[in-house]
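These figures come from a predicted structure and were not determined experimentally. Residues take their numbers from the sequence shown, with the count starting at 1.
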Amino acid sequence: MATVVLLGTLDTKGAEYAWLAERLRGHGVDVVTVDVGPLSDAAADVTAAEVARAAGADLAALRAAGDRGRAMEAMAAGAARTVTGLHAAGRLDGVLAVGGSGGTSVASRAVQELPVGVPKLLVSTMAAGDVTPYVGAVDVTLMYAVVDVAGINSLSEQVFGNAAAGVSAMAREYARRRAAPATGHRPLVGLSMFGLTTPAVDEAREELDRLGYEPLVFHATGAGGRTLEKLAGDGRFAGVLDLTTTELADDLVGGVLSAGPRRLEAAGARGVPQVVSPGALDMVNFGPRATVPARFDDRTFVVHNPTVTLMRTTPAENAELGRRIGAKLAAARGTVTVFLPLRGVSGVDRDGGPFRDAEADAALFAALREALAGSAVEVVEDDAHINDPGFGRRAAHRLHELITAGR
C-alpha cells in the first residue's frame, strides 16, 4: 500500500491534519505524520523532538533559546533528513503539507531534498507571487489554500479534500512504479541551452540520440540550471553536456537569470563525465530595458524581446568568469573536456554581430586556459563559432567517448 507523509506543525494545525489523515486513509493509502512544530508536544509517528534530533538539535534547548528563526531552521533541516530517511526506507510515496509562511518554508525545505518524481504537494497561503523559494529545483506542486489554515470549513474542506485525493492518486502511482521499475531506458544526458545557443544544442541532442542516449535539455534561465545541478547531484545522468554556462555571468554581474554560485559543480562532485563550453557568457540578462540598473547605461545592449534585455559582458568580467569556471572544473572528480568556440560564444557574438568583442572573448579563453593549466581537464580549441555546423556534434561525440571510457 502506498504511504503519504503528512508534514506540518501539529500543535497549531492538529485538527486540520487529523482531518487530512482520515481523508487520506479513506483514499486507500497509509499515513505517516511528521510534526515540525518547535513548540509542539503532539502525538505523531515522528514527533517534533525526533525531528529536532535529526538536525542535531535539542527541542527543549530550542524552546529555551526563544529564537523562532533558529528553531524553524533546525526543524527544517530535521524535516529534510526525516523525509529522505523515510523515502530511503520505502515508507514515503508522497508528501502533503498545509500551512502558512512558516509551515510552507519548513515543508518546502524538506521536500526539495527528495528526488524528482516523488509526489510533493504543498497547500499554502503563500502560493502566489514569487514561489521560487518553495519550489527550488524539483517538481513541487503548490496549491493555493484560498483561506487560512484555521479549521475545516465549507471552503477549506473542498480545497484540502482535493489535495488529499490528488496526493493519494499520485502516491499510488509512484508506489506502483517503484515496485516495478521500467526497464530499457536509455542513459540520460543533461544539456543546457539558451535561445542563442540553440543550433549547437539541437545538433548535439540529435547526435546523442543517435548514439543511444536520452538527452534532457534545460533552459538556462536560472531555474533550468538549478534543476540540471539537482539531477546531476542525484546521480541521474550518465554525462552532462553543458554548452550554455551563461547563468554564471548573471550570478557574477547581477542579472536576473542566475542559477546561484554553485552552478557547474554538482556533476564534478558526483564524478559525472562532462563536456563544457562557455556558451552565452557574452551576456547578462535583465528584464525590460527600463529595468536595467542605471550604472550599466554605458554598456552595449540587445533588446531580445519586450521582456528580456541582454547586456554585453566586459573583458574584466569575462576574465573572472574564466577563472571561476576553471576552478570549478579543475576540482571535478570525473573526466572533463572544455570546448572553446574561438569564433564566438553565442548567436550575437559573431563577426558583424552586436556583441562581437574579440578582446572580451580572448580574456575569457585566456583565463580558462590559465585556471586549467596543470589539471586533468582537456581543453579543445575549436576554430569555429558555437553555432557553426559540426560544433555541437563534435562536443556530443567527445562526451560519448568520456562516458564509454569510464564504463
Side-chain angles (χ1 to χ4, degrees), residues 7-8 36 69 72-73 75-77 79-80 83-84 94-146 148-149 163 166-167 170 190 192-195 216-234 236 242 244-267 280 283-288 291-293 304-311:
L7 181 71
V36 298
M72 295 302 283
E73 177 64 26
M75 298 307 283
V83 297
T84 54
V95 178
L96 174 61
V98 300
S101 60
T104 304
S105 65
V106 171
S108 64
R109 163 81 178 276
V111 299
Q112 286 177 31
E113 296 299 319
L114 292 169
V116 169
V118 178
K120 317 162 184 73
L121 177 55
L122 308 183
V123 182
S124 174
T125 60
M126 303 298 290
D130 182 6
V131 297
T132 302
Y134 305 127
V135 175
V138 295
D139 52 337
V140 175
T141 301
L142 282 173
M143 179 183 289
Y144 183 44
V146 183
D148 205 351
V149 185
V167 78
M170 289 189 283
S192 55
M193 185 172 78
F194 219 42
L216 303 182
V217 179
F218 298 88
H219 197 190
T221 57
R226 289 191 296 272
T227 304
L228 175 60
E229 295 293 307
K230 165 69 174 172
L231 293 174
D234 285 346
R236 300 288 288 269
D242 218 337
T244 312
T245 46
T246 184
E247 290 154 315
L248 288 165
D250 283 57
D251 179 63
L252 173 66
V253 183
V256 299
L257 299 184
S258 170
R262 306 302 298 272
R263 178 74 172 89
L264 204 63
E265 295 181 10
M283 63 189 66
V284 178
N285 295 268
F286 293 100
T291 69
V292 180
H304 189 58
N305 60 51
T307 61
V308 176
T309 303
L310 312 177
M311 181 180 78

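Considering CG of Asp250 and CG of Asn285, their distance stands at 4.5 Å, rounded to 0.5 Å. The CZ atom of Arg263 sits 5.0 Å away from atom CD of Glu229, with the distance rounded to the nearest 0.5 Å. Atoms CZ and CG, on Phe286 and Leu257 in that order, are 10.0 Å from each other to the nearest 0.5 Å. The CG atom of Leu310 sits 8.5 Å away from the OG1 atom of Thr246 when rounded to the nearest 0.5 Å. Once rounded to the nearest 0.5 Å, the distance linking CG of Leu114 with OG1 of Thr84 reads 7.0 Å. One distance of note links CG of Asp234 with CD of Glu113; it measures 9.0 Å at 0.5 Å rounding.
For the residue pair Leu231 and Val116, the shortest heavy atom distance occurs at CD2-CG2, 3.7 Å. Between Ala232 and Ala267, the closest heavy-atom pair is CB-N, 4.0 Å. Between Gly222 and Ala259, the closest heavy-atom pair is O-CB, 3.5 Å. Shown here for Met72 and Val106, the closest heavy-atom pair between the two residues is CE-CG2, 3.4 Å. Among all heavy-atom pairs drawn from Gly233 and Ala266, the shortest one is N-CB, 3.8 Å. Across Pro115 and Asp139, no two heavy atoms sit closer than the pair O-OD1, 4.2 Å.
Taking 4.5 Å as the limit, every side-chain heavy atom of Val111 sits out of range of all side-chain heavy atoms of Val83. Looking at Lys120 and Val138, their side chains come closer than 4.5 Å, going by heavy atoms from C-beta outward. For the pair Arg236/Leu216, no side-chain contact is recorded, criterion being any heavy-atom separation below 4.5 Å from C-beta on.
Applying the salt bridge (charged side-chain N to carboxylate O under 4.0 Å, His left out) rule to pairs touching residues 98-109 yields Glu73-Arg109, sequence neighbours excluded.
Glu247 places a side-chain N or O within donor-acceptor distance of the main-chain N or O of Gly225, the cut-off being under 3.5 Å. A donor-acceptor pair is defined here as one N or O able to donate and one able to accept, closer than 3.5 Å; such a pair exists between the side chain of Thr309 and the backbone of Gly287. Checked by atom type and distance alone, the side chain of Thr104 never pairs as donor or acceptor with a backbone atom of Ser101 at under 3.5 Å.
Defined by atom type and a distance below 3.5 Å, a donor-acceptor pair is present between the side-chain atoms of Asp242 and Ser192.
Residues meeting the side-chain contact (heavy atoms from CB on, under 4.5 Å) test with Ser108, sequence neighbours left out: Gln112, Leu122, Tyr134.
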Verdict with supporting geometry, Met193 and Phe218, side chain to side chain contact (heavy atoms under 4.5 Å, CB included): CA-CA 6 Å; Met193 185 172 78; Phe218 298 88; over 6 Å; no
Step-by-step side chain to side chain contact (heavy atoms under 4.5 Å, CB included) determination, Val284 to Leu252: CA-CA 9 Å; Val284 178; Leu252 173 66; over 6 Å; no
